[in-house]
Structures are given as structure tokens and as C-alpha cells.
2 protein chains.
Amino acid sequence: MMFTTALAEDAARVQTRLHAALAGSDLPLLDAMRYATRGGKGLRGFLVLESARMLGADAERALPAAAAVEALHAYSLIHDDLPAMDNDDLRRGQPTVHVKWDEATAILAGDALQTLAFELLTDPAIGDAETSIRLVAGLAHAAGANGMVLGQALDMAAEVATTQLTLEDISRLQAGKTGALITWSAEAGAIIAGADPTPLRRYATALGLAFQIADDILDVTGDAAKAGKRLQKDAAAGKATFVSLLGLEGARSRAKALVNDAEAALEPFGAAADTLRHCARFVIAREM
Amino acid sequence: MMFTTALAEDAARVQTRLHAALAGSDLPLLDAMRYATRGGKGLRGFLVLESARMLGADAERALPAAAAVEALHAYSLIHDDLPAMDNDDLRRGQPTVHVKWDEATAILAGDALQTLAFELLTDPAIGDAETSIRLVAGLAHAAGANGMVLGQALDMAAEVATTQLTLEDISRLQAGKTGALITWSAEAGAIIAGADPTPLRRYATALGLAFQIADDILDVTGDAAKAGKRLQKDAAAGKATFVSLLGLEGARSRAKALVNDAEAALEPFGAAADTLRHCARFVIAREM
């Protein structure tokens with residue numbers, strides 16, 4: 001099976017689980033939450049499911065955690081797109097939530113999607129309470145003021161800073177903004193399977209950075225219709241990116257080196273890790 | 001000891017625990033999070049601590065949960081005050097977060113305070129993983145699209161509705177907006193103590209509604225300097241409140257009846273529940 005087919009199948013499964021949690025109300029709040037959890041690649045949810053499967057756990061047990069990280073990711077996109085933040089009107093090829101509804105609905109839908117993420121981690125299907133609480137602690141750490149939101153705050157600070165970011169600054173910013181959640185996703189599968197999460201942490205840390213470098217490359221070379229969002233925004237804003245600091249070819253070779261690092265971390269798992277290997281290569285070859 | 005002194009002592013303790021979790025960074029994001037968790041009555045945190053104490057649990061075990069609910073409450077106030085929501089410039093006698101910093105910082109500080117709430121519930125000081133995960137599940141349910149955020153969404157919907165809310169509508173709205181978190185707080189103490197949370201749920205459900213009716217009364221009769229926020233906003237916005245629907249005297253007697261209900265729920269606990277009884281009376285006698 002093509003990797004992109006496997007990814008799409010998992011994304012559909014995760015979306016079904018999420019929409020089951022959001023069923024039963026026609027309030028704009030719930031409509032907006034369902035809307036914001038449609039589409040997207042589903043990379044984070046896939047990483048939860050696939051790392052659990054690779055380590056022998058039933059994917060059904062990992063499904064609530066996969067849905068949780070996609071809910072959390074969707075919340076961060078809604079809030080990131082708000083006028084006071086990145087002021088984006090297009091996401092996943094559709095109008096952003098505050099454009100389709102209004103800002104208040106977007107703020108509240110994001111808030112409630114974050115809450116839903118933690119609620120999903122209390123689903124007893126995951127396993128014992130120790131496993132669930134470890135997932136809650138890890139997701140909170142990855143998502144909050146030491147992780148994703150820290151990355152977003154550093155990003156906002158960079159926009160008004162008088163000096164350009166260095167490669168180290170950007171790496172730190174991205175480790176929070178996108179890296180922490182991607183790393184949590186791969187680790188979560190291992191935690192659910194009762195395995196040591198260390199190799200998957202190494203894999204996903206390299207993958208997360210490669211993903212972000214690929215995003216910066218796509219921002220310059222990509223097709224907005226395929227990407228489903230506005231491009232060339234960073235250059236227009238005069239923001240330092242991996243491409244502006246390393247050049248297009250330098251960024252490409254850095255991303256490739258990171259994919260090699262990610263694959264190296266999978267060595268202990270042999271052929272069982274082939275899907276995660278495909279995933280690493282997909283991340284830098286994608287057009288969206 | 002006066003009840004208000006007991007309340008202030010617990011609030012200080014909870015704030016110290018929260019600020020320990022927020023130490024070590026001078027980013028505006030962290031400054032804003034510390035700022036937003038200062039002041040306030042600390043009623044929710046107090047309910048966690050006092051119900052745990054009444055049922056024989058060490059308050060140290062309840063402290064992370066008390067800090068969690070105050071972090072969650074602080075997040076909800078920051079987002080509620082945003083221009084796209086209630087557009088308030090004054091809170092707890094100080095400029096609101098988006099006025100003192102900016103909207104982006106207010107959005108992110110609120111987001112990270114919600115995350116912090118769930119992170120605090122993973123503190124092993126609380127007890128075993130079963131207890132913590134029950135608290136996470138309960139807080140998520142109380143805070144999300146079935147609880148607090150639902151109440152906020154109904155409140156926003158009411159502002160643009162062409163028909164006035166009925167008493168039943170307002171009761172439902174408030175049960176979400178303020179009731180769910182107050183109820184979780186009292187129940188949390190019982191869960192930490194390993195006791196049946198049912199009587200405290202009854203107590204806190206009545207208390208939460210009395211609290212909101214008292215808020216509506218204060219909005220009409222209160223002193224903005226003492227309340228630390230703008231008043232007479234509901235009447236100016238033409239919003240239905242318990243006062244507009246029941247009249248001032250009707251609202252007062254409804255609040256008193258609810259305080260009696262709350263006290264009746266405490267009967268099984270005898271004199272050990274005296275502080276919670278004082279709390280119920282305080283809720284309708286307060287000036288802030």
C-alpha cells in the first residue's frame with residue numbers, strides 16, 4: 001500500500017473518532033469544532049497509531065490518543081490563524097474558522113478542542129490509569145508554555161524583534177511550535193504499547209525538524225492550491241526561516257540529513273519500522 | 001477565624017503553588033500568566049482544599065488540584081475579556097491582559113493556562129493515577145464544550161438572539177459558565193479524599209447558582225471599585241439576567257433559598273462542614 005493511502009486511512013479513522021466525541025449538537029461552537037478537525041494530513045495522529053502498531057499494541061487502544069493530538073493540533077491552528085495572531089483566511093483549502101464564523105466562535109472552538117484533547121486521554125480504552133496520566137503529563141508539557149505555546153510566543157516576539165533570528169533561535173522556536181507535539185505523538189504509541197519511548201523520541205525529534213524545514217521550503221516553492229494555505233508569507237513578512245538562513249539547497253540537504261537521522265533511530269525495529277521510514281521520506285517530499 | 005481570612009490564606013497558598021509552576025522565564029507570555037493568576041477571591045481553589053480537609057485528606061495533596069482550577073478559571077477570564085468576546089478592560093481592579101500586553105499574548109497566555117491546569121493534575125502529590133485521571137476527566141468535562149465553554153457560547157448566542165432568554169435558559173447557561181467549575185472544585189476534594197462526591201456535588205451546584213445570582217445582583221447594586229471590574233454591563237447590553245427576570249428582591253430570595261439548599265446538603269458532615277457553610281453565606285453577602 002502506498003504510504004499516502006495508509007496515512008489517509010488513519011486520518012479518516014481518527015476523524016471519525018473525533019467526530020463521535022463532537023456529535024449531538026447543532027450549536028455553531030460544535031459545528032466549528034467539527035469543521036476545524038476535517039481535512040489535514042493527520043500526521044500526528046498517524047504517528048501515534050503507527051508507533052503503537054509497530055510495537056505490537058492494538059491500534060484501537062491508541063485511537064483516543066491519536067484523536068487527542070489531532071484535536072490539540074486543530075485548536076492551535078484555529079488560534080494561530082486569528083487576526084491578532086497570523087491573520088490567515090485560508091487553511092486546509094477552506095476559510096479559517098474566524099472567517100467562516102467569527103472571532104468569538106474561533107476562540108471558543110479552539111479552547112474547547114484543547115479541553116477535548118485531554119478528555120480523550122481519559123478514555124479507558126487506552127489502558128490503565130498510569131498509562132493515561134503519563135500521556136496527559138506528556139501532552140500538557142508538549143503543548144504548554146514549555147512547548148508549543150512557547151514556540152508560538154517566540155514566533156510572535158521574533159516578528160517585532162529588531163534583530164533577525166539565528167539558526168539556533170529558529171531551531172528552538174520550531175522545537176516548541178511543531179516539534180514537541182510531533183515528538184509526543186511518536187512517544188505516545190510507545191507508552192501505550194508499554195515500550196521504551198527513547199528511540200521513537202529520537203526518530204520524531206529529527207522528523208519534526210525535517211517537517212518544519214520542508215514547510216519553509218514549501219512556503220517558497222510550493223503551490224498554494226495544493227498546500228491549502230497562503231504561501232510566501234514568511235518572505236513577505238521579512239521573517240528569518242531555514243531557507244533564508246541556509247539557502248534553498250542548504251535547507252534541502254539539512255532536511256535530508258535529518259530524515260537519515262530519523263531512519264537511523266528506527267534501526268532496532270527492523271522491517272517493522274518500514275511505514276515510519278516511509279513517513280520520514282514523505283515529510284520532505286510532500287506538496288502540502 | 002473569619003471566613004474571609006481563611007479564604008485569603010488559601011488563595012495565597014494556591015497562588016504560591018501556581019507561581020512555582022510559572023517560575024523561571026521573563027517572557028511576556030509567562031509574565032502575563034503570572035499576572036492573570038494574581039488577585040481574585042480564589043473561591044474555586046478554596047472549595048477544593050476545604051472539601052478535601054473536611055473529609056480528612058491532607059490539604060497538600062489537594063493543592064495541585066486547587067491550583068489547576070484557578071489556572072483554568074484565569075484562562076477563561078482572559079479569553080472572556082478579549083475584544084471579540086466581552087471586551088473588558090478591567091479585571092480584579094487591574095487592566096485586563098490584552099490591555100496590559102496585547103491580544104496575541106492574551107490568547108496564548110489563556111491557552112497555556114488551560115494546558116497548565118491539566119499538567120498540575122498529573123502531580124503525583126495528589127495520590128494514585130486513578131485519582132488523577134478521574135480529576136482530569138471531570139475537569140475536562142466541566143471546562144469544555146459540555147460545560148464552561150458551552151455556557152460561554154450560549155452567552156454569546158444570547159447577545160445576538162432576537163428573543164430574550166427565559167429563566168430556564170439562563171439557568172442552563174450559568175450551570176455551564178460558572179456552575180460546572182465550582183461543582184468540580186467541591187467534588188475534587190472528595191475524590192482526593194477517597195469519599196463519595198455526591199453530597200458535595202449537591203452543595204456546590206446550589207452554591208454555584210447562588211454565586212451567579214449574587215453576581216447579577218452585584219452588577220446592578222455593586223461598587224465597581226470594590227468589585228474590581230466594570231458593572232451595569234448587562235443592563236447596558238439589554239441582557240436578561242436573574243435580576244431582570246426575577247426582580248431584585250426575587251433574585252435575593254432565590255439566592256437565599258439556594259444557600260439553604262447548599263447548607264442542607266452538608267448535614268451529614270456535622271460541625272466539620274462549618275467552613276463550607278460560612279462559604280455558602282459569604283457567596284451571597286460578598287461585595288466583589
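These numbers come from a predicted model, not from an experiment. The chains referred to below are lettered A, B, ... by the order of the sequence lines, with proteins before strands, and numbering in each begins at 1.
Taking A/Ala145, A/Gly147, A/Ala143 one by one and counting their heavy-atom pairs under 4.5 Å with chain B, the maximum is reached by A/Ala145. Contacts with chain B were tallied for A/Leu29, A/Leu108, A/Asp128; A/Leu108 has the most, counting heavy-atom pairs under 4.5 Å. Options B/Ala104, B/Ala117, B/Gly138 differ in how many heavy-atom pairs under 4.5 Å they form with chain A, and the most are formed by B/Ala104. Top candidate by heavy-atom pairs under 4.5 Å with chain A, chosen from B/Arg134, B/His79, B/Met156, is B/His79. Note: A/Gln114 leads A/Met148, A/His98, A/Gln114 in heavy-atom pairs under 4.5 Å with chain B. The greatest number of non-hydrogen atom pairs below 4.5 Å with chain A, out of B/Thr115, B/Ile107, B/Leu22, is found for B/Thr115.
At a 4.5 Å heavy-atom cutoff, the contact between A/Leu82 and chain B is made by side-chain atoms alone. For chain A, the nearby part of B/Leu154 is the side chain; its heavy atoms alone come within less than 4.5 Å. Only the side chain of B/Met33 comes within less than 4.5 Å of a heavy atom in chain A; its backbone stays farther off. Interface remark: A/Leu113 contributes no atoms to any contact with chain B (heavy atom separation under 4.5 Å). Interface remark: B/Leu116 contributes no atoms to any contact with chain A (heavy atom separation under 4.5 Å).
No donor-acceptor contact under 3.5 angstrom links the side chains of A/Glu70 and A/Thr37, judged on distance only. Judged by distance alone, the side chains of B/His19 and B/Arg34 never bring a donor and an acceptor atom under 3.5 Å apart. Side-chain polar atoms of A/Asp80 and A/Gln152 form a donor-acceptor pair below 3.5 angstrom.
A/Leu139 CG to A/Leu181 CG: the interatomic distance, rounded to the nearest 0.5 Å, is 6.0 Å. For the atom pair CG of B/Leu150 and NZ of B/Lys177, the computed distance is 12.0 Å after rounding to the nearest 0.5 Å.
Among residue pairs with one or both ends in residues 115-163 of chain B, those qualifying as ring-ring contact (aromatic ring centres under 6.0 Å, His included) are A/Phe118-B/Phe118; sequence neighbours excluded.
The pair A/Asp123-A/Arg17 meets the salt-bridge criterion, with a side-chain N (NZ, NE, NH1 or NH2) lying under 4.0 Å from an Asp/Glu carboxylate O.
Looking at A/Asp219, A/Asp216, A/Asp155 one by one, the single match for side chain to side chain donor-acceptor pair (under 3.5 Å) with A/Lys239 turns out to be A/Asp155.
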